[in-house]
Amino acid sequence: MKNPDAAPEDTLRAEYDLRQLSVRKLGPKRKNFAGTLVRLEPDVAELFQSADAVNEALRFLAKMTRENPFSTSK
């Protein structure tokens with residue numbers, strides 16, 4: 001039977017410096033250092049080849065909306 005109070009044996013080599021390791025979380029709750037993360041639905045994502053294409057389309061839409069605002073009154 002093992003002694004639960006015994007300290008675990010340290011078998012890690014001295015040349016391994018674990019302070020340089022970083023934790024990478026996966027999934028939607030991970031921290032994103034690049035900015036805001038926007039998730040596209042699969043049918044919308046099929047329309048674009050890259051994130052740059054999505055940004056270009058959204059910039060164009062924003063420009064058109066500013067130049068020709070939609071009128072809600074008839």
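Any value given below was found using the heavy atoms of this structure, including those in side chains, with hydrogens, waters and symmetry copies removed.
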Interatomic distance, [X] atom [atom1] to [Y] atom [atom2] [nearest 0.5 angstrom]:
X     : Y     : atom1 : atom2 : answer
Arg59 : Asp52 : CZ    : CG    : 8.0 Å
Leu61 : Glu56 : CG    : CD    : 12.5 Å
Leu58 : Phe48 : CG    : CZ    : 6.5 Å
Glu46 : Leu40 : CD    : CG    : 11.5 Å

For atom CD of Glu41, decide whether the heavy atoms of other residues, nucleotides or ligands shown that lie under 6.0 angstrom number more than 12.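 No - once you tally the heavy atoms of other residues, nucleotides and ligands closer than 6.0 Å, there are 12 at most.
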